[in-house]
Asks: 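Shown below is the structure under consideration.
Values in this document were obtained by computation on a predicted structure and should not be read as measured data. Reckoned from all heavy atoms, side chains included, excluding hydrogens, waters and symmetry mates.
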Protein chains: 2
Amino acid sequence: MAYTLEQLRGFVAVAEELHFGRAAARLRMTQPPLSRQIQKLESGVGVHLLDRDNRRVSLTPAGEAFLVEARRMLAIAESAPELAQRVSSGYYGLVRLAFTSASTFGILGRLLNELESRLPEVHIELFEMVTREQVAALAAGDLDLGLARPPFDPELFESRLLHREALLLAVRDDHWLAGLDRPLVAADLIREPLIFHSQQKARYFYDLIVSMVPVDQGNVVHAVSQVMTMLSLVSAGRGVAFVPASATRIGVPHVAYLEILTPIEEPVELHLLWPRQSRNPALPRVLAALEHLMP
Amino acid sequence: MAYTLEQLRGFVAVAEELHFGRAAARLRMTQPPLSRQIQKLESGVGVHLLDRDNRRVSLTPAGEAFLVEARRMLAIAESAPELAQRVSSGYYGLVRLAFTSASTFGILGRLLNELESRLPEVHIELFEMVTREQVAALAAGDLDLGLARPPFDPELFESRLLHREALLLAVRDDHWLAGLDRPLVAADLIREPLIFHSQQKARYFYDLIVSMVPVDQGNVVHAVSQVMTMLSLVSAGRGVAFVPASATRIGVPHVAYLEILTPIEEPVELHLLWPRQSRNPALPRVLAALEHLMP
DNA sequence: ATCGACTGATACCTTTTCGGTATGGCCTAC
DNA sequence: GTAGGCCATACCGAAAAGGTATCAGTCGAT
């Protein structure tokens, strides 16, 4: 190596004091080793940085130029540990957060506002993924936190219930069911064409609805995975669809949302999900900041 | 000191290889001292930068952040000596150049163009100063090079004749002298009101003209120091003035320039002037670049 | 001109640090 | 379970750093 940070400190001190003795005192050392430091630095850099004619010390033009660089290096050298400590404490940081498209309409905005106001130094990187993708990315370390729906493997993941909401039936506003003045029951749907969740791509909703409402799979006319798609099809009069309550926020025209009687009042769950072995120091802070959003 | 550049190199190597053995090989050393370097670095920074669980090495978030800073420091550490060497060789550099206002109209532009095309890496800082101020600033080290008029102290300064030019008489274009079809002689001016150079502020021109043209000091109506001022006064019909030939470039309206017979054909000299003890490595290169501008 | 004070460089010694070799502990893979 | 891979530790010799004492050159006062 050509030179050391110690030598740079010595050089900057001498350049500022223009006096080896005073510079040495400032560095809490004696003058001879400082002289040697400067000599080694000069031989390392390959250029005379200081003119010293036994009475007066001055910077050469090369020394002036090098001084600027030396100060830059020392400034970084001083600030870098503090930066690392802040990152390590979770004060600064990056959290890669995934969400399902359905949560976009509901809690995601509130969650991000909360984080921005409570942890402005923590940067949130957003990814839209279905639950299955989130689980894989979290396990692979490509993600820090997910907004996903159960079930999860408790060996690998920790989770907290973040939000629960009712299941509603979306119908066209001129549909006869929209005229009923009472919560629906399964029997009301016995002949209705159903826009249903794909068993593969939206397993959570599929399993949930099947367990909550005894529907006739023979009525299913479309199997899709996105809530938005369902609402478009409902609006087009293709059938009726089960959607989480937060879908009402989307505001698709000519769609009405009807209550359904379910064994559990708000059966649709959204969880915060993160890998147990996460080493991201910002994650605990993020979780703490989101604590009071949870029910 | 908290840590050394050597440790940073070690850390960057390990961060890039994610393997102590390979990193050590890249650094041409063995693995144990590298492990110690990293340990010392971590204790100096106060934070764990690497997670190493006996099978797999990975960066902590703090390590990621610190790696960026480490790379910045090393990049500067590598480039700084080259920069200093370029400055030292005069390849890069700053030359503080002073000029008299009169030279602005003549050679200064050519000189700067020459330098810009030949030494684009040398920055020229410009100062307008009369000769006396230039001499003081050069001696004090506040200036590297002057464009000035003799005489100079050869003990302290070195100089090269850069340019010489004729002395002309500036008159209003409706002045009767403008109608003459021959060079003027002193006798022509015997009754003309003179706008003359200040003996204090423009000593060079004062002495030069007094030695070249026997003028009657009784005819002096104004004593000023700037050529521009003289031309304004001539244009206003206040009198006639001796000016260097380059003044014709200024283009003041209603001023004509007439030849004068002088013992020396082009008596007005402009010199490059620099202190003998100058340590600016760019100065010799600048002088060399200007070599062929000289007569 | 001489002397003393001051400043940076050098000589020399002691302590610290650094890199190398040998080895230990732990995990993974077969 | 054993072999191989990997990082950490222990220990040693060499290099380097810092300290004290001193030298050499310069400036200012007498």
Side-chain angles (χ1 to χ4, degrees), chain A residues 1-45 47-60 62-63 67 70 74 77 139-141 277 279, chain B residues 1-45 47-60 62-63 67 70 74 77 139-141 277 279:
Chain A
M1 152 114 56
Y3 53 89
T4 70
L5 287 172
E6 208 65 66
Q7 289 166 4
L8 293 181
R9 281 191 221 285
F11 171 63
V12 171
V14 173
E16 282 172 3
E17 301 284 348
L18 293 177
H19 188 289
F20 279 69
R22 281 194 297 277
R26 206 171 89 181
L27 299 168
R28 321 245 171 174
M29 64 191 293
T30 56
Q31 168 264 319
L34 178 58
S35 284
R36 263 199 329 203
Q37 272 192 352
I38 302 297
Q39 288 163 11
K40 284 206 166 188
L41 177 62
E42 288 180 323
S43 94
V45 173
V47 155
H48 278 285
L49 302 172
L50 293 165
D51 274 327
R52 28 213 200 278
D53 60 345
N54 269 2
R55 198 70 198 173
R56 187 171 256 86
V57 177
S58 62
L59 282 162
T60 63
L67 177 59
L74 292 176
Q277 91 290 0
R279 296 219 166 280
Chain B
M1 154 111 58
Y3 54 90
T4 71
L5 287 173
E6 208 65 63
Q7 289 165 5
L8 293 182
R9 280 190 222 285
F11 171 63
V12 171
V14 174
E16 282 172 4
E17 301 285 348
L18 293 178
H19 188 291
F20 278 70
R22 281 195 297 276
R26 207 171 86 181
L27 298 168
R28 323 246 169 171
M29 63 192 293
T30 56
Q31 167 264 319
L34 179 58
S35 286
R36 261 199 331 201
Q37 272 191 354
I38 303 297
Q39 289 163 12
K40 283 205 167 187
L41 177 62
E42 288 180 323
S43 94
V45 174
V47 155
H48 278 286
L49 302 172
L50 293 166
D51 275 329
R52 30 211 197 280
D53 59 345
N54 269 3
R55 198 71 197 168
R56 186 171 256 84
V57 177
S58 63
L59 281 162
T60 64
L67 177 60
L74 292 176
Q277 91 290 358
R279 296 218 166 279

Asks: Would you mind reporting whether A/Leu59 and A/Leu50 have side-chain heavy atoms less than 4.5 Å apart?
Replies: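 Yes, at least one pair of side-chain atoms sits under 4.5 Å.
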Asks: Checking B/Ser43 now: which residues fulfil side-chain contact (heavy atoms from CB on, under 4.5 Å) with it, not counting sequence neighbours?
Replies: none
Asks: Send over the distance from A/Leu27 CG to C/dG8 P, rounded to a whole Å.
Replies: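 After rounding, the gap between these two atoms is 13 Å.
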Asks: Could you give all pairs that pass the salt bridge (charged side-chain N to carboxylate O under 4.0 Å, His left out) test and reach residues 28-45 of chain A, with sequence neighbours left out?
Replies: A/Glu42-A/Arg52
Asks: With sequence neighbours left out, write down each residue that passes salt bridge (Lys or Arg N to Asp or Glu O under 4.0 Å) with A/Arg56, or none if nothing qualifies.
Replies: none
Asks: Report each atom pair, protein N/O against N/O of nucleotides 14-18 of chain D, whose distance is under 3.5 angstrom.
Replies:
{"unit_1": "D/dA17", "atom_1": "OP2", "unit_2": "A/Lys40", "atom_2": "NZ", "d": "2.6"}
{"unit_1": "D/dG18", "atom_1": "N7", "unit_2": "A/Arg36", "atom_2": "NH2", "d": "2.4"}

Asks: Look for any protein N or O under 3.5 Å of an N or O in nucleotides 22-25 of chain D and output each such pair with its distance, or none.
Replies:
{"unit_1": "D/dG25", "atom_1": "O4'", "unit_2": "A/Asn54", "atom_2": "ND2", "d": "3.1"}

Asks: What is the separation between atom NE2 on A/His48 and atom C1' on C/dG8, rounded to the nearest whole Å?
Replies: 14 Å
Asks: Write down the distance between CD (B/Gln39) and P (D/dA10), rounded to a whole number of angstrom.
Replies: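 Interatomic distance, CD of B/Gln39 to P of D/dA10: 10 Å.
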Asks: Whole angstroms only, please: what is the CD1-P distance between B/Ile38 and C/dG19?
Replies: 11 Å
Asks: I'd like to check the side chain to side chain donor-acceptor pair (under 3.5 Å) partners of B/Arg279; sequence neighbours left out, ordered by chain and number.
Replies: A/Asp51
Asks: Please confirm whether the shortest side-chain N or O distance from A/Ser35 to OP1 or OP2 of C/dG8 is below 4.0 Å.
Replies: no
Asks: Could you list the residues that satisfy side chain to side chain donor-acceptor pair (under 3.5 Å) with A/Thr60, not counting sequence neighbours?
Replies: none
Asks: For A/Gln39, give me all partners under side chain to side chain donor-acceptor pair (under 3.5 Å), at least two apart in sequence or on another chain.
Replies: none
Asks: For A/Arg56 and D/dG28, give me the distance from atom CZ to atom C1', rounded to whole Å.
Replies: 13 Å
Asks: Taking salt bridge (Lys or Arg N to Asp or Glu O under 4.0 Å) as the test, write out the residues that go with B/Arg22, two or more places apart.
Replies: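 Salt bridge (Lys or Arg N to Asp or Glu O under 4.0 Å) check on B/Arg22 returns B/Glu17.
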Asks: Do A/Leu34 and A/Gln37 have side chains that get closer than 4.5 Å, going by heavy atoms?
Replies: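 Of all side-chain heavy-atom pairs linking A/Gln37 with A/Leu34, at least one is under 4.5 Å.
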Asks: Taking ring-ring contact (aromatic ring centres under 6.0 Å, His included) as the test, write out the residues that go with B/Phe20, two or more places apart.
Replies: none
Asks: Of the residues in residues 12-26 of chain A, which ones touch DNA chain D at a heavy-atom distance under 4.0 Å?
Replies: none
Asks: Could you pull out all residues at least two apart from B/Leu74 that satisfy side-chain contact (heavy atoms from CB on, under 4.5 Å)?
Replies: B/Leu5, B/Leu8, B/Arg9, B/Val12
